[in-house]
Amino acid sequence: MTQSQIGLIGLGTMGAMLALNIAEKGFPIAVWNRTVSVTHGFKAEAGALADMVTPCETLADLVAAIKPPRAIILMVPAGQPVDDMIAALRPLMAADDLIIDAGNALFHDTDRRAAEAAEKGPHFLGIGVSGGEEGARHGPAIMGGGLRADWDRVAPILNAIAAKYKGEPCAAYMGPAGAGHFVKAVHNGIEYADMQMIAEVYGVMRDGLGMSAAEISDVFKAWNQGPLQSYLIEISGEVAAATDTHSGKPMLDMILDRAGQKGTGRWTVIEAQHLAAAIPAIEAAVMARNLSSRLEERLAGEAVFGAAPQAGAKLTLAQLEQALIAGKILCYAQGFALISAASKAFDWPMPLPEIARVWREGCIIRSTMLNDMATALTDDPARNLMLAPFFADHLKASHGALRQVIAAGALSGLPLPALASGLAWFDMMRTGRSTANMIQAQRDFFGAHGFERVDGIADKHGPWAGHGI
Ligand code: 6PG
């Protein structure tokens with residue numbers, strides 16, 4: 001029997017799709033699932049790919065089925081299950097074998113597991129995989145972290161299964177230890193902000209302009225032909241067009257406005273705070289999800305203050321499109337700035353242009369604009385994206401519309417937290433003389449914390465010394 005070239009543990013939706021993708025690209029694969037019937041069922045349903053699949057009933061069988069040095073992908077829930085699986089595999093695997101965690105792990109856990117692997121073996125890679133079920137089956141974006149040599153060892157398989165942008169695989173090595181999972185978390189943070197901004201603009205169309213779901217769908221479909229072309233705009237057009245089979249009403253109108261979240265957006269925001277990086281659009285998107293789940297409190301608020309007046313926002317669809325273009329650039333600029341801050345703080349030289357290139361296909365945030373971002377970051381990876389001439393020109397043309405939309409939202413009570421936070425960041429980023437002098441004066445007054453003077457004179461305190469006590 002041919003030995004498998006790789007193994008995979010965890011045949012849930014994502015694991016099963018990834019295993020089929022691997023088999024389809026010509027790599028014999030051994031699979032194991034906690035429930036044996038699932039393992040056998042997987043092979044039985046693999047159709048033409050069944051010959052490439054070796055179902056294994058025990059972990060020892062799985063290890064024995066793979067050609068050494070072995071590589072085994074874990075597709076199990078993040079957290080303790082990953083540690084449990086590593087602990088179960090360690091005694092069965094050789095020191096130069098490799099475990100690859102392809103779940104949405106917290107990158108600090110990946111750092112810890114990489115350190116443990118260096119001490120006790122086997123080798124360990126943490127890879128971020130984006131693209132949902134469809135991506136896993138036909139080509140996800142893959143962000144790898146760990147030892148470069150370990151990445152290189154499995155790169156032929158990962159490149160083969162990854163999405164392709166004009167023939168180039170959307171898979172790349174991001175850096176040591178948790179770098180791949182860190183980049184995936186930022187991907188998800190951007191995903192949250194991109195989705196939230198689209199939802200906010202949807203809200204303006206629905207509640208401010210009184211448009212139907214079908215009309216809104218047409219708008220998203222039209223926008224998907226222009227600068228906003230992206231997977232998220234495309235699916236927004238599709239979901240807005242769908243009809244509920246139970247009620248016959250637009251599907252969107254029948255979905256409860258309480259958003260779920262598995263925590264990757266929150267991790268991104270927490271990490272940004274640790275790094276003192278400013279990602280307010282992403283923070284606002286996480287906040288909006290948190291608040292969305294507080295339905296009863298929102299209903300109580302509406303009972304006291306009334307809902308925002310329906311229909312009456314004086315806005316054009318062209319202004320909304322421009323606002324979304326500006327918002328999108330600002331949220332991506334914040335995400336890339338966070339990666340840049342982490343690169344420096346963790347001493348991980350994460351390749352910013354490469355990250356933009358990997359995100360061009362396969363992942364949830366794939367979009368035309370990411371190609372322009374890759375170009376801008378190749379020109380100057382250290383420069384904030386909003387300053388790259390291509391995006392600066394876009395912002396110059398679109399931030400006026402963003403202001404109009406936010407102002408109309410504020411006047412009619414339509415909440416636009418991600419768009420507004422993006423704009424506040426933009427305005428702070430272009431203000432040479434901010435108001436932090438007042439903060440410094442206050443800090444010095446009440447705590448004698450001292451300040452720097454604009455004229456360079458060494459006196460660090462104001463004439464109020466002693467007043468704050
Ligand atoms: C992806 C997605 C994927 C998953 C998110 C959903 O890149 O393929 O981001 O990882 O859909 O984890 O996250 P929430 O449940 O937090 O929305």
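Both counts, for ligands and for their atoms, begin at 1 and track the order of listing. Model, not experiment: these values are computed from the prediction.
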Donor-acceptor contact below 3.5 Å, side chain Arg298 vs main chain Leu291: yes

Atom 12 (O) of ligand 1: nearest protein contact (heavy atom, Å): Asn104 ND2, 3.2 Å

Contacting atoms of ligand 1, where contact means under 4.0 angstrom from a heavy atom of Asn188: 5 (C), 7 (O), 9 (O), 10 (O), 12 (O)

Atom 8 (O) of ligand 1 - nearest protein heavy atom and its distance: Gly131 N, 2.9 Å

Pairwise side-chain contact, Met386 with Trp425, heavy-atom cut-off 4.5 Å (strictly under): yes

For atom 7 (O) of ligand 1, closest protein heavy-atom neighbour: Ser130 OG, 2.5 Å

Closest to atom 4 (C) of ligand 1 among Lys262, Met195, Glu134, Glu133 (heavy-atom distance): Lys262

Close approach, Cys363 and ligand 1, non-hydrogen under 4.0 angstrom: no

Region of Met143 that comes within reach of ligand 1 [heavy atoms, distance under 4.0 Å]: neither

Any N or O of Gln261 closer than 3.5 Å to N or O of ligand 1: no

Gly260 N/O to ligand 1 N/O under 3.5 Å: no

Asn33 (side chain) donor-acceptor with Val38 (main chain) under 3.5 angstrom: no

Gly132 touching ligand 1 at heavy-atom level, < 4.0 angstrom: yes

Numbered atoms and elements of ligand 1 in range of His187, under 4.0 angstrom, heavy atoms: 7 (O)

Nearest-contact summary for atom 9 (O) of ligand 1 - protein heavy atom, Å: Glu191 OE1, 2.7 Å

Non-hydrogen side-chain atoms of Thr268 and Val286 separated by less than 4.5 Å: no

Heavy-atom side-chain contact between Leu256 and Leu295 under 4.5 Å: yes

Quiz item: cation-pi between Arg357 and Tyr165, 6.0 Å / 45°: no

Identity and separation of the nearest protein heavy atom to atom 16 (O) of ligand 1: Tyr192 OH, 2.4 Å

Any side-chain heavy-atom pair of Pro351 and Met174 under 4.5 Å: yes

Results of side chain to side chain donor-acceptor pair (under 3.5 Å) for Ser247 - residues two or more places apart only: Asp244

Sidechain-backbone polar pair: Lys164 side chain, Ala162 backbone, donor-acceptor under 3.5 Å: yes

N/O donor-acceptor pair under 3.5 Å between Gln229 side chain and Gly226 backbone: no

Close-contact set for ligand 1 against Arg289 heavy atoms, below 4.0 Å: 14 (P), 16 (O), 17 (O)

Atoms in ligand 1 flagged as close to Ile364, the criterion being non-hydrogen separation under 4.0 Å: 1 (C), 2 (C), 7 (O), 8 (O)

